[in-house]
Amino acid sequence: MAGRSLSEVRTTHVRTARHNSGPRELDERLRGRVVLGVGRKGKFLVGALDDGQTLVAHLGMSGRFTVGDPLDAEPAHTHFRALLDNGVEVRFVDPRTFGFVAVFDDDELAGSGFSRLGPDAWVETPSTEALQAALSTRTAPIKALLLDQVVVSGLGNIYADEALHIAGIHPLRPGQDLSADELGRLLAAIRSVLDLAIDNGGTSLDDLAYLLPDGRAGANLNRLAVYGRTDLPCLECGAPIERMVIRSRSSHFCPDCQAIRR
DNA sequence: ACCTCCCTGGCC
DNA sequence: GGCCAGGGAGGT
């Protein structure tokens, strides 16, 4: 996509364009623009445009981009298409419409969720000291804080559970109570969880909402130690994995390896 | 700091 | 027929 201009853009679902005034405005602001480069921070995809605007996209729960021939059969729930000047069509397919595509000028970008993101968990993993400072006033459960993209960005429910398990930290521990030693272990765990997931092509669940760009399923599901393993034995100690709801998100943890007091 | 909402496919 | 999954925005 980088270096190509968008000769035609068509958004066909209002929710996909909800961060702009509507599908028509999004299409008009994108049409004819050149994408100078693309990148990522946290779970947001970003592209720099030749007129200074920024293209921002989020896959949400079920979104994916496809790249192919405009004549290819169109999958259900295709909500956005952009024809590039090389004849390739980029499509955004998103059944649950939690994802979006947006174009922002600098002011709009500054007011968007993108500008509030904390350091990327993988590219700019914070130091123990920086994390401790960020958590020093936070009393919420560490699990909730890992999902709050303002502390560290890029972790979702699966990898937050996995990282806490590796680090041996109970998901309900208040953020500010964690020691430097624990936070150091947590940061190392975040790195290793993401490294493993990336090496395995990501975590495709049974619903196959997430797939690799070539359409294959990622193989990380059977590398998960706690997520989705409620009542199954902990791979470290054999204790049954427990599930509890924290901030209306499921949390999976080993009551032994992640004792609330240690 | 907390809650509700959004949405569809899959499952019971 | 109804519930569950969950990322982020918006409201209180």
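Worth saying up front: this structure is predicted, and the values here are computed from it rather than measured. Naming convention: chains lettered A, B, ... in sequence-line order (proteins, then strands); numbering from 1 in each chain.
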Nearest-Å distance for atom pair [atom1]/[atom2], residues [X] and [N]:
X: A/Lys143; N: C/dG6; atom1: NZ; atom2: C1'; result: 10 Å
X: A/Asp161; N: C/dA5; atom1: CG; atom2: P; result: 12 Å
X: A/Leu205; N: B/dG9; atom1: CG; atom2: C1'; result: 13 Å
X: A/Leu221; N: C/dA5; atom1: CG; atom2: P; result: 16 Å
X: A/Met61; N: C/dG7; atom1: CE; atom2: P; result: 6 Å
X: A/Asp94; N: B/dC7; atom1: CG; atom2: P; result: 12 Å
X: A/Asp148; N: C/dG6; atom1: CG; atom2: P; result: 17 Å
X: A/Arg96; N: B/dT8; atom1: CZ; atom2: C1'; result: 6 Å

So that I know where these two stand, are A/Phe92 and A/His79 an aromatic pair - ring centroids less than 6.0 Å apart? no

Of the candidate nucleotides C/dG7, B/dC7, B/dC2, which contains the atom at the shortest distance from the side chain of A/Asn157? C/dG7

On DNA chain B, check which nucleotide each of A/Leu145 and A/His13 is closest to and give me the residue with the more 5' one. A/Leu145

Residue pair A/Asp206/A/Ala140 against DNA chain B: nearer the 5' end by closest nucleotide is A/Ala140

Note, [X] side chain near [Y] side chain (heavy atom, < 4.5 Å):
X: A/Thr78; Y: A/Thr12; result: no
X: A/Ser7; Y: A/Leu84; result: no
X: A/Asp161; Y: A/Pro171; result: no
X: A/Tyr227; Y: A/Phe253; result: no

Polar atoms only, N or O, under 3.5 Å: list the protein pairs with nucleotides 8-12 of chain C and their distances.
from  : atom 1 : to       : atom 2 : distance (Å)
C/dG8 : OP1    : A/His58  : NE2    : 2.6
C/dG8 : OP2    : A/Gln149 : NE2    : 3.4
C/dG8 : O6     : A/Arg249 : NH2    : 3.4

Do any side-chain nitrogens or oxygens of [X] fall under 4.0 Å of OP1 or OP2 in [N]?
X: A/His77; N: B/dC7; result: no
X: A/Arg247; N: C/dG6; result: no
X: A/Tyr227; N: C/dG6; result: yes

NA contact type, A/Thr139, heavy-atom cut-off 4.0 Å: base, sugar-phosphate, or nothing?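 It contacts sugar-phosphate atoms only.
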
Do A/Thr203 and A/Tyr159 get their side chains close enough for a donor-acceptor pair, meaning under 3.5 Å? yes

Please say which of A/Lys43, A/Arg40, A/Lys41 ends up in a side-chain hydrogen bond (donor to acceptor under 3.5 Å, both in side chains) with A/Asp120.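 Result for side-chain hydrogen bond (donor to acceptor under 3.5 Å, both in side chains) with A/Asp120: A/Arg40.
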
